[in-house]
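A short worksheet on the structure shown next.
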There are 2 protein chains.
Amino acid sequence: MITLTSAEENYLKAIYHLSDGGKKGVSTNDVSAEMKTKPASVSDMLRKLGEKEVIEYRKYYGLHITEEGKKLALQTIRKHRLWEVFLVEKLKFSWDEVNEVADELSHVKCKVLIQRLDEYLGFPKFDPHGDPIPDEYGDVRARPRQLLNELDLGSTGQIVAVKDSSPAFLRYLDKVGAYIGARIKVMDKTEFDGSVEILVDNKKSIFMSKDVAGNILVMV
Amino acid sequence: MITLTSAEENYLKAIYHLSDGGKKGVSTNDVSAEMKTKPASVSDMLRKLGEKEVIEYRKYYGLHITEEGKKLALQTIRKHRLWEVFLVEKLKFSWDEVNEVADELSHVKCKVLIQRLDEYLGFPKFDPHGDPIPDEYGDVRARPRQLLNELDLGSTGQIVAVKDSSPAFLRYLDKVGAYIGARIKVMDKTEFDGSVEILVDNKKSIFMSKDVAGNILVMV
DNA sequence: TTTTATTTTTAGCCTACCCTAAATCATAAA
DNA sequence: TTTATGATTTAGGGTAGGCTAAAAATAAAA
């Protein structure tokens with residue numbers, strides 16, 4: 001059985017995200033930027049992850065995550081997202097505050113704990129940001145989603161996730177009245193700058209730049 | 001502000017317990033046995049805790065916990081016991097399984113998390129073993145307790161804690177039908193071996209040796 | 001009081017994870 | 001094709017927390 005330290009788990013999770021679930025290769029600098037550690041530290045960690053065979057690592061040529069690596073990454077993501085659900089649903093944290101705390105909580109080593117937590121939360125399928133929660137075996141059932149700026153005029157849907165989940169962006173959304181779960185309808189689209197007018201929950205009308213709308217995922 | 005690492009927090013908590021809340025002095029070997037680390041490692045840690053002034057440390061003569069140390073230890077104990085309540089009440093762990101997991105959970109660094117958890121659990125005053133949960137400021141309100149083997153014939157009370165909380169002992173109690181919160185009455189006492197007969201919840205009668213009864217605390 | 005035994009500390013080493021500075025590799029430009 | 005640039009790795013060092021083996025201090029026994 002492969003066991004990873006907390007730091008190794010963090011790196012592998014970052015690598016999984018950067019490689020878009022294993023589709024793309026990833027560079028040392030990519031990981032460095034994501035983890036906010038220096039490239040030299042990353043090199044060292046990649047060597048270790050390579051030895052544990054959760055990534056395939058060729059010096060100077062970047063890396064690919066292995067099947068085993070994907071499994072482990074998905075288990076880490078599962079833990080992280082279940083704790084996020086707990087923090088938001090039960091402890092009333094707002095969805096822009098939970099990331100770091102969930103990270104720490106998800107490093108507690110206890111299989112049973114995660115099973116019980118899952119059960120206690122009612123086996124949720126999505127986290128507060130709308131991202132899917134993998135099951136025990138790493139299976140993910142994603143729902144069909146579309147970027148808000150690509151929706152046709154008049155089409156309706158529900159906000160289910162954001163691409164950029166930085167606290168700043170999440171706070172901005174809260175401020176203008178958009179939130180995960182909001183029912184929306186595209187009322188107007190401006191051709192020359194790509195901005196859109198959105199009706200939220202059939203009552204509040206808000207404007208969004210193309211950049212903002214391009215960060216919002218809608219289930220249609 | 002004094003900040004402690006997770007390991008330092010663990011040592012300080014152990015020291016607090018060993019010194020019976022600050023009443024007694026503690027030796028290096030005591031700490032070594034409690035923490036399951038070697039005396040050499042303990043010496044090093046005591047030096048560090050001494051520098052941070054949470055203990056008063058004299059080489060070769062043991063240590064005393066300081067007022068500041070007590071405060072910090074009580075905050076760690078508070079976190080630990082709140083997580084224990086969560087694990088037992090919400091996630092349905094049994095009270096003999098929660099210690100290590102609560103330990104890991106209590107190292108998550110987030111003040112707000114503990115406040116919200118406390119609120120979510122309904123501001124509990126005692127943990128699943130019946131031990132009191134200190135408040136935010138380290139105040140503890142202990143309830144008057146007596147050892148079960150010292151109760152008079154015919155007296156009644158409620159089991160609120162155990163002295164020996166080893167998994168083996170806790171499982172034994174579960175097996176014979178005793179548990180934290182059980183209403184009990186002393187039905188018989190045998191003089192020559194100190195064993196007792198106890199009526200639990202007015203229905204089940206159980207026998208206990210003096211050793212077992214001497215490990216059970218009852219609120220009278 | 002002297003010797004022996006026990007406790008405690010020091011010295012030195014190890015792993016994990018991070019860092020900086022210097023060296024090396026790959027590639028884009030001249 | 002050679003050079004310059006940027007990415008990456010190596011070398012060496014720091015902190016935290018553990019370890020063993022040996023030295024030193026205290027306590028107990030002769």
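The chains referred to below are lettered A, B, ... by the order of the sequence lines, with proteins before strands, and numbering in each begins at 1.
The shortest distance between the side-chain N/O atoms of B:Thr28 and the OP1/OP2 oxygens of C:dT7 is not below 4.0 Å. The phosphate of C:dT9 has OP1 or OP2 within less than 4.0 Å of a side-chain N or O from B:Tyr57. In this structure, B:Thr5 reaches the D:dG17 phosphate: one of its side-chain N or O atoms is under 4.0 Å from OP1 or OP2. Close to C:dA26, at under 4.0 Å from its OP1 or OP2, lies a side-chain N or O of A:Tyr61. Contact annotation: B:Ser43 reaches the phosphate of C:dT9 (side-chain N/O to OP1 or OP2, under 4.0 Å). Residue A:Asn29 places none of its side-chain N or O atoms closer than 4.0 Å to OP1 or OP2 of D:dG6. Phosphate proximity of D:dG18 to B:Thr37: absent, as no side-chain N or O sits under 4.0 Å from OP1 or OP2.
Residues B:Tyr16 and B:Thr76 bring no donor and acceptor atom of their side chains to less than 3.5 Å of each other.
If you measure from atom CZ of B:Arg47 to atom P of D:dG17, you get 11 Å, rounded to the nearest angstrom.
In this pair, A:Phe169 and A:Tyr172 present their aromatic rings parallel. The plane angle is below 30°, not in the 30 to 60° band.
Using a 4.5 Å heavy-atom threshold, the side chains of A:Tyr179 and A:Leu173 count as separate.
Comparing atom distances between the A:Lys59 side chain and each of C:dA16, C:dT9, D:dT9 picks out D:dT9 as nearest.
Judged by distance alone, the side chain of A:Arg78 and the main-chain N or O of A:Gly138 form no donor-acceptor pair under 3.5 Å.
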